[in-house]
Amino acid sequence: MAAVKCPVVVLISGSGSNLQALIDAQHQQGFAAEIKAVISNVAGVKGLQRASQANIPTHVIPHQDYEDRESYDREVSRIIDQYAPGFILLAGFMRILSDWFVNHYKGKLLNIHPSLLPKYKGLNTHQQALDAGDEFHGATVHFVTPELDGGPLILQARVAVNPDDTASTLAARVLEKEHIIYPTVTQWAAQGRLRMRNNVVLLDGKPLAEPLWLENI
Ligand code: GRF
């Protein structure tokens, strides 16, 4: 008998290449998560097509239709909760979340961010790494807490910065790593191996003093 999968809902705003990586992962035998729905705040984006092609239900909830952040988030949450997900995956969802939303899903909200957090929270991370002359740049999967891009870090992957890199060449190499680390962490989460307790990540019941590195797992 097939093992019961952990339902997840993915939130996007754009291209959805991370969503695609998750869809590809769930086609692999043994992947423990099942994407039950994809929600976008923007209509017509490629990520919605990717979901439809994979026969995943989609919902577009335009943020412009809501008068404040929390009323928007409450509507998103009303849709999310119909799927009773074990985890909610932010995958390029370009919205700041209300404290209400983050607290409602405490310990169930994951995000991927294109920098080696705690460096470069927010936007334009690739340009910031170039401007700083960093030798390495990368991506991080983390639990979401009310502090923007500030939740406990789970897994990171790094790429070397080349002298001739632009923000877009660097972004492309970072995305390749994102597409590995997000399904990896999702698998741990869906297998019940990952928890957040008192803002600390527990993997297999053991606190992570530092985030894991893709190179070392
Ligand atoms: C990724 O770089 C992700 O880290 C960031 O937004 C981008 C989304 O890309 N949060 P995609 O939509 O998954 O292609």
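Order of listing sets the numbers, starting from 1, for every ligand and every atom in it. None of the values given here were measured: they were computed from a predicted structure.
One option in S115, G92, G47 has a heavy atom closer to atom 8 (C) of ligand 1 than any other, and that option is G92.
Side-chain contact check for T125 and H113: no donor-acceptor pair (N or O, by modelled atom type) lies under 3.5 Å. No side-chain N or O of D24 forms a donor-acceptor pair with one of Q28 less than 3.5 Å apart.
At the shortest separation from atom 14 (O) of ligand 1 among protein heavy atoms lies S17 OG, 2.5 Å. Here the protein heavy atom with the shortest distance to atom 9 (O) of ligand 1 is N18 ND2, 3.9 Å. Of the protein's non-hydrogen atoms, E178 OE1, 2.7 Å is the one closest to atom 4 (O) of ligand 1. Counting protein heavy atoms only, atom 10 (N) of ligand 1 is closest to I112 O, 3.0 Å. Annotation: atom 12 (O) of ligand 1 to nearest protein heavy atom, G16 N, 2.8 Å.
Interface of P114 with ligand 1, defined as ligand atoms under 4.0 Å from a residue heavy atom, comprises 2 (O), 4 (O), 5 (C).
The backbone N or O of A32 lies less than 3.5 Å from a partner atom in the side chain of Q187, making a donor-acceptor pair. Side chain of T169 to main chain of D165: no donor-acceptor pair is present (N/O by atom type, distance under 3.5 Å, no hydrogens or angles).
No salt bridge links E176 with R173; every basic N to acidic carboxylate O contact stays at or beyond 4.0 Å.
The aromatic rings of F143 and F87 lie tilted to each other, with the angle between the two planes from 30° to 60°.
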